[in-house]
Amino acid sequence: MSTFRSDFLHTLHERGFIHQVSDEAGLDALFAKETVTAYIGFDPTAPSLHAGGLIQIMMLHWLQKTGHRPISLMGGGTGMVGDPSFKDEARQLMTVDTIEANIASIKRVFSNYLAYEEGPNGALMINNAEWLRSLNYLEFLRDVGRHFSVNRMLSFDSVKTRLEREQSLSFLEFNYMILQAYDFVELAKRYDCRLQMGGSDQWGNIVNGIDLGHRMGTPQLYALTSPLLTTASGAKMGKSVNGAVWLNADMLGPYAFWQYWRNTEDADVGRFLKLYTTLPMDEIARLVNEAQGSGINEVKKILATEVTAMLHGRAAAEAAAEAARKTFEEGGVSADLPTVEVAAAELEAGIGVLAAFAERTGLVASNGEARRQIKGGGLKVNDASVTDEKALLTARDLNADGVIKLSLGKKKHVLLRAV
RNA sequence: GGGGGAGUGUCCCGAGCGGCAAAGGGGGCGGACUGUAAAUCCGCUGGCUAUGCCUUCGUAGGUUCGAGUCCUACCUCCCCCA
């Protein structure tokens with residue numbers, strides 16, 4: 001279990017990526033012997049992946065880095081069905097337009113982690129719409145459907161909750177696992193893809209693909225899943241104070257992304273360094289060992305900067321780190337904080353604090369929320385608590401840099417800039 | 001097909017004799033303590049042009065001064081019988 005000969009499995013294991021593998025010895029031997037092609041599927045359910053999906057991307061990254069060929073598979077076909085695994089109700093069906101738009105948007109982050117280039121281990125970006133959308137129903141049933149036992153499909157944990165209580169499982173969704181299995185076989189045939197990876201919730205779907213491969217005459221296929229990641233206190237990865245931690249910069253800026261990692265719980269720092277950065281293992285060990293008490297904050301900054309640098313580039317990561325330093329350690333104002341512009345004339349006339357926090361910057365959801373926060377001492381203008389909900393912000397509140405700093409709590413800041 | 005039960009604050013779970021903006025949790029947000037951590041403690045957790053107004057308890061009607069609460073129909077789900 002713990003000693004792998006191949007670079008790839010050895011690396012994945014020591015960094016904590018492995019939850020389950022279908023045939024450890026066999027897969028290890030394969031990786032030690034030849035360049036292996038492996039894939040992970042991404043469903044286009046939103047215009048961006050979030051931090052929860054980062055672990056999958058990192059697995060592909062290591063795959064390529066250890067000399068093998070990664071395939072990032074976009075679910076342009078499977079997205080039309082929707083994966084019911086471990087969901088307690090059906091998702092709303094997406095239109096083809098939405099799916100295509102989501103894929104185009106999701107794709108953008110991959111090139112930061114994978115090299116899409118010619119060559120034996122150049123990464124491939126593939127869309128399963130390519131073969132799924134043109135399937136002929138009757139042919140598909142006869143060629144592929146006959147290999148599936150409904151009895152067995154009903155026994156999977158991934159659909160059990162749906163079957164035993166709550167909501168119904170539509171025939172449409174029930175087909176998802178068949179399509180995903182078919183994808184694996186199709187990729188095996190077209191690209192000699194031998195391994196499918198994914199989150200632990202994908203185990204059943206992946207194993208179905210292996211079985212289908214047996215029946216349809218592919219070489220031996222393999223499954224590898226990563227653990228379902230939660231923080232040390234049990235929260236799911238990828239949620240932050242403002243909602244999901246999106247990877248796309250237009251949905252979550254580098255500064256906010258950096259902040260998410262900066263706020264990692266102490267107990268998670270070592271684990272996250274291994275999973276989400278490419279720092280060498282001995283250096284990670286050194287960092288974690290040296291961090292005594294509050295010294296761990298320095299390590300959290302390294303974590304945040306490394307993770308952000310991979311996604312948004314080194315320069316953006318360092319700008320985010322610097323913005324945070326000015327804001328938190330000097331109590332000052334950094335021009336790199338999120339900024340909202342207002343017309344100088346409006347500011348001259350005066351903008352109500354409630355409007356400034358709610359409508360203009362969206363720091364709070366409504367005027368009512370702003371009032372409550374004022375009562376609780378949560379809103380600040382230029383670092384001074386707001387006590388009067390009728391107060392007006394005017395040009396006099398602009399600081400030397402021509403901005404007004406609005407804060408919700410200690411961590412969320414937005415600058416109001418007059419233009 | 002027959003019988004029984006259930007759908008509650010658009011994050012979730014859940015109480016609710018006809019006067020309810022609706023108990024209690026969880027989650028979330030803010031405050032205190034700290035280290036931009038965890039744990040703990042405290043406050044808040046429908047909207048608004050706000051001593052008032054508007055919207056909310058599966059959907060649509062009805063009874064009533066007044067309905068989450070009663071009646072009718074419909075939708076969805078669960079359980080038992082066939």
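Letters A, B, ... mirror the listed sequences (proteins, then strands); counts begin at 1.
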> Where does the angle between the aromatic ring planes of A:Trp261 and A:Tyr276 fall among parallel (under 30°), tilted (30 to 60°) and perpendicular (over 60°)?
Replying inline: tilted

> Taking the same atom, C1', in B:A37 and in B:U51, what whole-Å distance lies between them?
Replying inline: 45 Å

> Quick one: A:Leu303 CG to B:A37 P, roughly how many Å, whole number?
Replying inline: 15 Å

>> Check this for me: A:Lys301, atom NZ, are more than 12 non-hydrogen atoms of other residues, nucleotides or ligands nearer than 6.0 Å?
In response: yes

>> Pair A:Ser105, A:Asn248 - check side-chain hydrogen bond (donor to acceptor under 3.5 Å, both in side chains), show working.
In response: CA-CA 8 Å; A:Ser105 178; A:Asn248 284 32; 3.0 Å; yes

>> Could you tell me how far B:C13 sits from B:U64 if I compare only their P atoms? Round to whole Å.
In response: 36 Å

>> In this structure, how many angstroms lie between the P atom of B:C44 and the CG atom of A:Leu408, rounded?
In response: 17 Å

>> Is there a ring pair (Phe, Tyr, Trp, His ring centres under 6.0 Å) between A:Phe110 and A:Phe42? Walk through the geometry before answering.
In response: CA-CA 11 Å; A:Phe110 280 87; A:Phe42 298 87; 4.9 Å; yes

> With sugar-phosphate meaning primed atoms plus P, OP1 and OP2, does A:Leu379 contact a base, only sugar-phosphate, or nothing at under 4.0 Å between heavy atoms?
Replying inline: nothing

> Side chain of A:Ser366: nearest nucleotide among B:U36, B:G47, B:G35?
Replying inline: B:G47

> Which of these nucleotides, B:A37, B:U36, B:C29, is closest to any side-chain atom of A:Lys412?
Replying inline: B:C29

> Between A:Asp43 and A:Tyr176, is a side-chain hydrogen bond (donor to acceptor under 3.5 Å, both in side chains) present by the stated rule, with each step listed?
Replying inline: CA-CA 12 Å; A:Asp43 271 348; A:Tyr176 185 92; 2.6 Å; yes

> Is there a Watson-Crick or G-U wobble partner for B:G35 with both distances under 3.5 Å, and if so, which one is it?
Replying inline: none

> The side chain of A:Ile296 lies closest to which of these nucleotides: B:G35, B:U36, B:C48?
Replying inline: B:G35

> If we take the P atom in both B:C11 and B:C29, what is their distance in whole Å?
Replying inline: 14 Å

>> I want to check one thing: is the phosphate of B:A37, taken as OP1 and OP2, less than 4.0 Å away from some side-chain N or O of A:Thr264?
In response: no

> Side-chain donor-acceptor pair under 3.5 Å between A:Glu186 and A:Asn128, yes or no?
Replying inline: no

>> By the 4.0 Å heavy-atom rule, please label A:Glu329 as base, sugar-phosphate, or nothing.
In response: nothing

>> Quick check for you: among B:G47, B:A32, B:U36, whose closest atom lies nearest to any side-chain atom of A:Lys410?
In response: B:A32

>> Can you tell me the base-pairing partner of B:G30? Count Watson-Crick or G-U wobble geometry only, both distances below 3.5 Å, and say none if there is no partner.
In response: B:C42

> Are OP1 or OP2 of B:A37 and a side-chain N or O of A:Lys411 less than 4.0 angstrom apart?
Replying inline: yes

>> In this structure, how many angstroms lie between the P atom of B:U40 and the CD atom of A:Glu265, rounded?
In response: 12 Å

> What is the distance from CD of A:Glu369 to P of B:C29, rounded to the nearest Å?
Replying inline: 11 Å

> Do we see a donor-acceptor contact under 3.5 Å between the side chains of A:Trp62 and A:Asp7?
Replying inline: no

>> Applying the Watson-Crick and G-U wobble criteria at under 3.5 Å, what pairs with B:U49? Answer none if nothing qualifies.
In response: none

Only pairs under 3.5 Å count here: list side-chain donor-acceptor contacts from residues 338-352 of chain A, not counting sequence neighbours, and write none if there are none.
{"from": "A:Thr339", "atom 1": "OG1", "to": "A:Leu337", "atom 2": "O", "distance (Å)": "3.0"}
{"from": "A:Glu346", "atom 1": "OE2", "to": "A:Arg360", "atom 2": "NH1", "distance (Å)": "3.4"}
{"from": "A:Glu346", "atom 1": "OE2", "to": "A:Arg360", "atom 2": "NH2", "distance (Å)": "2.4"}

>> Just confirming the chi classification of B:C20, syn or anti, using 90° around 0 as the syn window.
In response: syn

> Distance between the P atoms of B:C41 and B:C54, in whole angstroms?
Replying inline: 41 Å

> Rounding to the closest angstrom, what is the interatomic distance between B:C48 and B:C42 at atom P?
Replying inline: 29 Å

Quick test: give all pairs of protein nitrogen or oxygen and nucleotides 49-54 of chain B nitrogen or oxygen below 3.5 Å, distance rounded to 0.1 Å.
{"from": "B:A50", "atom 1": "N6", "to": "A:Arg371", "atom 2": "NH1", "distance (Å)": "2.3"}

> Mind checking the P distance from B:C12 to B:G66? Whole angstroms is fine.
Replying inline: 32 Å

> Counting any heavy atom closer than 4.0 Å, what does A:Lys300 reach on the DNA or RNA strands: base, sugar-phosphate only, or nothing?
Replying inline: base

> B:U36 P sits how many Å from A:Lys380 NZ, rounded?
Replying inline: 13 Å

>> Just the rounded figure in Å: distance from C1' of B:A38 to CZ of A:Phe272.
In response: 13 Å

> Tell me the ring-ring contact (aromatic ring centres under 6.0 Å, His included) pairs involving residues 362-407 of chain A, sequence neighbours left out?
Replying inline: none

> Taking atom C1' in both B:U55 and B:G46, what distance in whole Å separates the two?
Replying inline: 8 Å

> What is the distance from CZ of A:Phe328 to P of B:U34, rounded to the nearest Å?
Replying inline: 18 Å

>> Side chain of A:Arg372 only, heavy atoms from C-beta on: which candidate in B:U36, B:G46, B:G35 is closest?
In response: B:G46

> If you find the nucleotide of RNA chain B closest to A:Ala365 and the one closest to A:Asn297, which residue's nucleotide is nearer the 5' end?
Replying inline: A:Asn297

> If the P atom of B:G1 is compared with that of B:G61, how far apart are they to the nearest Å?
Replying inline: 28 Å

>> Output the rounded distance in Å from CD (A:Glu298) to P (B:A37).
In response: 15 Å

> Counting only Watson-Crick or G-U wobble pairs whose two distances fall under 3.5 Å, which nucleotide matches B:A73?
Replying inline: B:U59

> Any side-chain donor paired with an acceptor under 3.5 Å for A:Gln180 and A:Gln196?
Replying inline: yes

